[in-house]
Amino acid sequence: MAHIITPLDQPSNYKDSQSRVDRQTQNDLLAKSSTLYVGNLSFYTTEEQIYELFSKCTTPEDGGGIKRIIMGLDRNTRTPCGFCFVEYYTHAEALACLRYISGTKLDERIIRCDIDLGYRDGRQFGRGKSGGQVRDEHRQDYDPGRGGWGAQAQRLEAERRREVEERYNDAQDVPGAVAGGGGEWKSEHNQETMATLKRGRSPEDEGESGRGEPRARVEESEPDADRM
């Protein structure tokens with residue numbers, strides 16, 4: 001059965017497109033690497049949460065532990081964009097986390113882990129056109145933990161709104177168009193309506209209040225001497 005079940009502590013066949021090493025060299029580096037790539041994180045997951053979870057498989061008594069955590073950032077906004085690198089002191093710790101933590105939930109999201117060739121400066125930034133990860137460029141679902149709709153869908157929506165605004169502005173420039181969304185017409189229309197309602201009242205209504213009760217008659221009296 002050992003040849004049927006894929007071991008959980010084996011790295012995937014993913015190859016970094018920007019890595020300039022051949023497959024054999026990559027396999028040799030992965031066999032010694034103590035760096036773990038973590039994906040499908042929420043944009044709101046903190047470094048402290050990652051440290052708490054990924055330190056469960058460390059062995060500090062043997063000189064191990066987490067060396068550092070590098071948060072993945074949007075290239076333009078410098079805000080978290082859903083991935084990170086976790087560096088351990090030993091290769092065994094990275095394998096243990098790959099076996100026991102990959103596929104578990106963090107912030108109600110199933111996270112993915114993989115042995116990485118090793119972090120180098122610049123890899124903390126997203127490679128997508130919008131600055132984030134490439135997977136968020138063409139995503140068609142709504143994911144509140146990763147910025148809502150995909151970047152491409154957001155660009156299309158922004159273009160659609162801009163076109164609607166331009167058509168609206170062009171319509172206002174046409175001779176005879178009502179400016180300001182018909183505000184002047186509404187004012188004149190309301191005045192005419194009020195005048196019509198006033199003309200339509202019966203003589204009997206003049207002596208009634210708004211609630212259908214007779215208005216109290218004000219008796220004429222002499223001016224108050226104190227107010228003279």
Side-chain angles (χ1 to χ4, degrees), residues 1-128 131-136 139 143-147:
M1 293 294 292
H3 65 283
I4 299 177
I5 301 175
T6 303
L8 298 178
D9 57 354
Q10 294 298 313
S12 70
N13 293 324
Y14 169 77
K15 184 178 186 299
D16 186 359
S17 60
Q18 296 187 358
S19 176
R20 299 181 179 180
V21 297
D22 56 42
R23 177 63 68 176
Q24 183 59 45
T25 304
Q26 175 178 319
N27 292 337
D28 294 341
L29 293 173
L30 292 175
K32 298 180 294 184
S33 176
S34 59
T35 302
L36 206 62
Y37 171 87
V38 184
N40 200 39
L41 291 172
S42 167
F43 289 1
Y44 306 102
T45 299
T46 64
E47 184 175 335
E48 289 76 13
Q49 290 175 283
I50 297 171
Y51 185 90
E52 180 181 1
L53 176 62
F54 284 84
S55 61
K56 296 183 181 299
C57 295
T58 58
T59 54
E61 62 278 5
D62 296 332
I66 295 178
K67 186 176 182 180
R68 63 172 176 169
I69 296 175
I70 302 97
M71 298 295 293
L73 303 176
D74 186 288
R75 189 174 62 254
N76 300 325
T77 62
R78 297 299 195 265
T79 55
C81 64
F83 72 99
C84 74
F85 297 94
V86 180
E87 286 189 355
Y88 293 93
Y89 283 101
T90 66
H91 176 68
E93 290 173 313
L95 287 181
C97 284
L98 180 62
R99 174 180 294 176
Y100 298 115
I101 294 181
S102 183
T104 61
K105 281 189 174 182
L106 177 60
D107 261 358
E108 298 303 319
R109 302 182 65 85
I110 298 177
I111 58 176
R112 302 187 307 271
C113 304
D114 201 2
I115 299 294
D116 190 77
L117 293 176
Y119 172 79
R120 63 178 183 277
D121 191 37
R123 292 191 63 198
Q124 74 271 33
F125 299 121
R127 299 175 182 176
Q133 287 193 276
V134 175
R135 64 177 291 238
D136 288 319
R139 183 167 47 78
D143 191 340
R146 295 184 69 88

Going by side-chain contact (heavy atoms from CB on, under 4.5 Å), Arg109 matches just one of Thr45, Asp143, Thr104. Which one? Asp143
Quick check: does any side chain N or O of [X] sit under 3.5 Å from a backbone N or O of [Y], one acting as donor and the other as acceptor?
| X | Y | value |
| --- | --- | --- |
| Thr58 | Pro60 | no |
| Glu93 | His91 | no |
| Asn40 | Ile110 | yes |
| Asp62 | Gly64 | no |
| Ser33 | Asp116 | yes |

Is the NZ or CZ atom of Arg78 positioned over Phe125's six-membered ring, under 6.0 angstrom from the centre and within 45° of the axis? yes
Residues at least two apart in sequence or cross-chain that pass side chain to side chain contact (heavy atoms under 4.5 Å, CB included) with Leu29, listed by chain then number, are Thr25, Leu117
With sequence neighbours excluded, what pairs up with Glu52 under the side chain to side chain contact (heavy atoms under 4.5 Å, CB included) test?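 So Glu52 forms no side chain to side chain contact (heavy atoms under 4.5 Å, CB included) with any residue.
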Reported [atom1]-to-[atom2] distance for the pair [X] and [Y], which is rounded to 0.5 angstrom:
| X | Y | atom1 | atom2 | answer |
| --- | --- | --- | --- | --- |
| Ile70 | Tyr37 | CD1 | OH | 13.0 Å |
| Ile101 | Phe54 | CD1 | CZ | 5.0 Å |
| Ile115 | Lys32 | CD1 | NZ | 14.0 Å |

Is [Y] close to [X] at the side-chain level, that is, under 4.5 Å between some pair of heavy atoms?
| X | Y | answer |
| --- | --- | --- |
| Ser34 | Thr90 | no |
| Cys84 | Ile50 | yes |
| Asp107 | Leu41 | no |
| Tyr88 | Thr35 | no |
| Phe85 | Arg68 | no |

Using the test ring pair (Phe, Tyr, Trp, His ring centres under 6.0 Å), find all partners of Phe43 that sit at least two apart in sequence or belong to another chain.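 With neighbours one apart ignored, the set is empty.
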Give me the atom names and distance for the closest heavy-atom approach of [X] to [Y].
| X | Y | value |
| --- | --- | --- |
| Ile69 | Ile66 | CG1-CG2, 4.0 Å |
| Gln124 | Phe83 | O-CZ, 3.5 Å |
| Gln133 | Cys81 | OE1-O, 3.3 Å |

